[in-house]
2 protein chains.
Amino acid sequence: MTTRLTATTHLLLGMIGVKGRRTGYEIKRLVDVSTRFFWAASPGQIYPELKRLEDAGLLTRSPQPQGGRQRNVYTVTDEGEQVLHQWLTAGDASTFEFRNEGLLKLFFADALTLEEQIEVVRAMRAQNEAALDGIRKATPPFRPDRKFGYITWRYGLDLHGWVVDWCKQLESDLIEGRTPLQAEGTDLDAERTR
Amino acid sequence: MTTRLTATTHLLLGMIGVKGRRTGYEIKRLVDVSTRFFWAASPGQIYPELKRLEDAGLLTRSPQPQGGRQRNVYTVTDEGEQVLHQWLTAGDASTFEFRNEGLLKLFFADALTLEEQIEVVRAMRAQNEAALDGIRKATPPFRPDRKFGYITWRYGLDLHGWVVDWCKQLESDLIEGRTPLQAEGTDLDAERTR
DNA sequence: ATACTCATGTAAGCTGTTACATGATTCT
DNA sequence: AGAATCATGTAACAGCTTACATGAGTAT
């Protein structure tokens, strides 16, 4: 069985396999309060992919309508389980993407006045505070057998918290006319003192 | 003049207007050692976009071949300058995307043995160390009139450094059997002690 | 001589989003 | 009665990457 396997494939496999049997709708909702912060997925992607994985023999579908409302519950097959475990333990380079338009603006901020520069930093901070809020609201119940959901949640919280602090520091450096973030001498790799 | 304006549009406008880079090739090279870490761009994207922006009246092209080798030097028009400044100062929400397959694996790591879990964390750390290396090598010359290139460079360095430390901490927590990253009591928002 | 860098571009394809369509059930 | 939620799906499109093609100049 040779099928194209993307990270989204593994997202679905993991959501169904690790978390139990699921419908497309349940996966969508769970993604929106958990992995969304590092791996999003839209319904236009989930539903076709579930079908594709069923055809590939990695998932089994059993229709379980509730009343007259259609509903497809998926389960991971043995082969699907293997694929999932293989992916989890393979040490190969995984995709790592990062697109931050706020940072891009900051990169070009030399062309701006000091007031405008400070505004750019403030906008960046606001965005990270909003992200922080979103993650905070998605508080996962702490269960000792599901601790990694909690760990990745903390990661998001701590990371964005760090960025917010970084923005605050830069903001005050700019306001007080300090050369921002400059390391002493030529020691560019030294830890930044905050 | 109504043209679709993406962040990549502004990347090119900024590279030509603020950084004084003029040909598509020069932009590509500069992107690869600077904004790549938060905004990448491939030649298959840059060259058509440059043409599009010329048609839209935001850039001017002047052919300046070197010997028999073709070469197109671009300049930002007044209108392009306006669009660039407008984008830099507009406080509207900018795109902020993050896709981290390593984190996704960590999210599902409950299904693994302790040894395998540690391997996932190590792989994640290795990836961030590689990113750190890439950024470090791209050391920008520090010029007082272009300090924001330096600031964003430091951002990448500091951020990935933070993540590497986070991974190290998690790794040792797992090895020593501590419940990783758990906050005391119900105070989930408390600063993590490291 | 040959490999690398400079320089520009195109075509195919993948991934993902947005917006919409459909219809049932439950809540207020 | 009407709004929200449950549930599944499709079509169009945007954005980007990969791989390729071309050819000139430069370094070894």
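Chain identifiers are assigned alphabetically (A, B, ...) following the order of the sequence lines, protein sequences preceding nucleic acid strands; residue numbering begins at 1 within each chain.
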Any [X] side-chain N or O less than 4.0 Å from OP1/OP2 of [N]:
X: A:Thr8; N: C:dG16; value: yes
X: B:Arg69; N: D:dT26; value: no
X: A:Arg99; N: D:dC16; value: yes

[X] with [Y]: basic N within carboxylate O range, under 4.0 Å:
X: A:Asp32; Y: A:Lys28; result: yes
X: B:Arg61; Y: B:Glu54; result: yes
X: A:Arg125; Y: A:Glu129; result: yes

N/O-N/O pairs, protein side and nucleotides 8-12 of chain C side, under 3.5 Å:
| unit_1 | atom_1 | unit_2 | atom_2 | d |
| --- | --- | --- | --- | --- |
| C:dT8 | OP1 | B:Asn72 | N | 2.7 |
| C:dT8 | OP1 | B:Asn72 | O | 3.4 |
| C:dT8 | OP2 | B:Gly24 | N | 3.4 |
| C:dT8 | OP2 | B:Tyr25 | N | 2.9 |
| C:dT8 | OP2 | B:Tyr47 | OH | 3.2 |

Between [atom2] on [N] and [atom1] on [X], what's the gap in Å once rounded to a whole number?
X: A:Trp39; N: C:dG16; atom1: CH2; atom2: P; value: 6 Å
X: A:Ile46; N: C:dT17; atom1: CD1; atom2: C1'; value: 12 Å
X: A:Phe98; N: D:dC16; atom1: CZ; atom2: C1'; value: 18 Å
X: A:Arg36; N: C:dT17; atom1: CZ; atom2: P; value: 12 Å
X: A:Ile27; N: D:dC6; atom1: CD1; atom2: C1'; value: 15 Å
X: A:Glu97; N: D:dC16; atom1: CD; atom2: C1'; value: 9 Å
X: B:Arg29; N: C:dT5; atom1: CZ; atom2: C1'; value: 9 Å

* To do: Please examine the side chains of A:Thr75 and A:Leu59, heavy atoms only from C-beta on, and report whether any two atoms are closer than 4.5 Å.
  =>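 No - every pair of side-chain heavy atoms lies 4.5 Å or more apart.
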
* Asked: Do the side-chain N and O atoms of B:Gln82 and B:Trp87 include a donor-acceptor pair separated by under 3.5 angstrom?
  ->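 Side chains of B:Gln82 and B:Trp87: no pair found under 3.5 Å.
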
* Polar contact flag, side-chain donor to acceptor under 3.5 angstrom, B:Glu49-B:Thr9 ->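 Yes, a side-chain donor-acceptor pair sits under 3.5 Å.
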
Taking only nitrogen or oxygen atoms into account, show me every contact under 3.5 Å that the protein makes with nucleotides 1-3 of chain C, one pair per line with its distance.
none

* To do: Please confirm whether B:Phe142 and B:Tyr150 have ring centers closer than 6.0 angstrom.
  =>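 Between B:Tyr150 and B:Phe142, which both carry aromatic rings, the centre distance is below 6.0 Å.
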
* Taking only residues two or more places apart in sequence, or in another chain, which ones meet B:Glu119 in a side chain to side chain donor-acceptor pair (under 3.5 Å)? ->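 If we apply the side chain to side chain donor-acceptor pair (under 3.5 Å) test to B:Glu119, skipping adjacent residues, the hits are B:Arg122.
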
* To do: Please work out which of the three classes, parallel, tilted or perpendicular, describes the rings of A:Trp162 and B:Trp162, given edges at 30° and 60°.
  =>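 Rings of B:Trp162 and A:Trp162: tilted, 30 to 60°.
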
